[in-house]
Amino acid sequence: MIVAMDGPSGTGKSTVSRRLAIRLGAGYLDTGAMYRAATVWVLDSGIDPENAAAVAAIADAIPLEIGTDPAIESVRLNGLDVGERIRTREVTAAVSAVSAVPRIRVILVEQQRRAAAAHDHIVVEGRDIGTVVFPRAEIKIYLTASAEVRARRRVGQSGGDYATTLADIERRDLRDSTRPNSPLRKADDAIEVDTSDLGRDEVIDRLVGIVEERMGATETRRTHE
Ligand code: DC
């Protein structure tokens, strides 16, 4: 069973996906962390993230290893832990450009499919999981929240100025949803969950309910076939 979790940043998607995986006893894959790690590799290679041809040229050789245990975050480049580095402002500012390069997406999507194949059950989180990476995922969730709520949450967590944060979020949403290659969009068969007015535990309970209901329906169908 694959649970595809998509949606823009700031919806609480990562925390919720990780906790959902723990509740389900499933693996967990944070594909945003993979694009972020690729961005660290680009920056450390001295390549301008906006130079798509130069980024594409090193895509095949990114020495990335990512863990799938929801209880332990593990992102490594050449064996070195980059878990903190991938969350820096420098990387956040450059990741949209790197993740828009088609060759980067081809390489990372292959790695995502390999990682999922090693699990019976896995929660995979990103932007294009239900549309491109696993279009046949058993369960697809699209998490949303208004840009204002997301900006307020971000300022509450990491500080900073509300207006700048809101502008950053809107710019990144626009860039991620209008890029020609795998734009952020809700899959037609995804269930949309708006988290604007829900606490984190309420969101997780709702998702567990959706998974249980869906898996129950699949079991029932199987026994009747
Ligand atoms: O979820 P996040 O903020 O860590 O993602 C970082 C960036 O990676 C974000 O700008 C969008 C991009 N991304 C993507 O293009 N495709 C994915 N499946 C996951 C993330």
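Excluded from the calculations below are hydrogen atoms, water molecules and symmetry mates; all remaining heavy atoms, backbone and side chain alike, are included. When a ligand or atom number is given, it counts from 1 through the structure's own listing order.
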Please determine whether residues [X] and [Y] belong to a single hydrophobic cluster, defined as Ile, Leu, Val, Met, Phe, Trp and Tyr linked transitively by side-chain heavy-atom distances below 4.5 Å.
X      : Y      : answer
Val106 : Val133 : no
Met5   : Ile66  : no
Ile2   : Val123 : no

I need the nearest protein heavy-atom contact for [atom]: residue, atom name and distance, please.
atom                    : answer
atom 6 (C) of ligand 1  : Arg36 NE, 3.6 Å
atom 10 (O) of ligand 1 : Arg172 NH1, 3.0 Å
atom 12 (C) of ligand 1 : Ser99 OG, 3.7 Å
atom 20 (C) of ligand 1 : Gly32 CA, 3.6 Å
atom 16 (N) of ligand 1 : Arg105 NH2, 3.0 Å

- Listed once per pair and sorted, the salt bridge (charged side-chain N to carboxylate O under 4.0 Å, His left out) pairs that draw on residues 28-41, sequence neighbours left out: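 Passing the test, one end in residues 28-41: Asp30-Arg87.
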- Chi angles and distances behind the side-chain contact (heavy atoms from CB on, under 4.5 Å) call for Arg171, Ser96: CA-CA 10 Å; Arg171 186 158 20 85; Ser96 281; over 6 Å; no
- Applying side chain to side chain donor-acceptor pair (under 3.5 Å) between Thr195 and each of Arg153, Glu202, Arg200, report the one that passes.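 Answer after filtering Arg153, Glu202, Arg200: Arg153.
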Would you mind telling me if ligand 1 is within reach of the side chain of [X], the backbone, both or neither, using heavy atoms under 4.0 Å?
X      : answer
Gln112 : neither
Arg175 : neither
Leu184 : neither

Side chain or backbone, does [X] bring an N or O within less than 3.5 Å of an N or O on ligand 1?
X      : result
Asp30  : no
Arg127 : yes
Thr31  : yes
Ser9   : no
Asp128 : yes

- Query: Do Arg179 and Asp128 sit within salt-bridge range, that is, some charged N less than 4.0 Å from a carboxylate O?
  - Reply: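 Result for this pair is no, no salt bridge flagged.
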- Item | Presence of salt bridge, Lys140 and Asp6, under 4.0 angstrom | no
- Query: Within less than 4.0 angstrom of ligand 1, does Met34 place any heavy atom?
  - Reply: no
- Test side-chain contact (heavy atoms from CB on, under 4.5 Å) applied to Arg105 and Val132, step by step: CA-CA 10 Å; Arg105 303 201 71 86; Val132 173; over 6 Å; no
- Message: Distance under 4.0 Å to a non-hydrogen atom of Ser96: what atoms of ligand 1 satisfy this?
- Response: 10 (O)
- Message: Please evaluate residues Arg127 and Lys13 with respect to the criterion side-chain contact (heavy atoms from CB on, under 4.5 Å), reporting the C-alpha separation (whole Å), side-chain torsions for both, the decisive distance (0.1 Å), and the verdict.
- Response: CA-CA 10 Å; Arg127 301 289 192 287; Lys13 192 165 38 116; 3.0 Å; yes
- Message: Out of Val95, Val133, Val98, who is nearest to atom 7 (C) of ligand 1 when you count heavy atoms only?
- Response: Val95
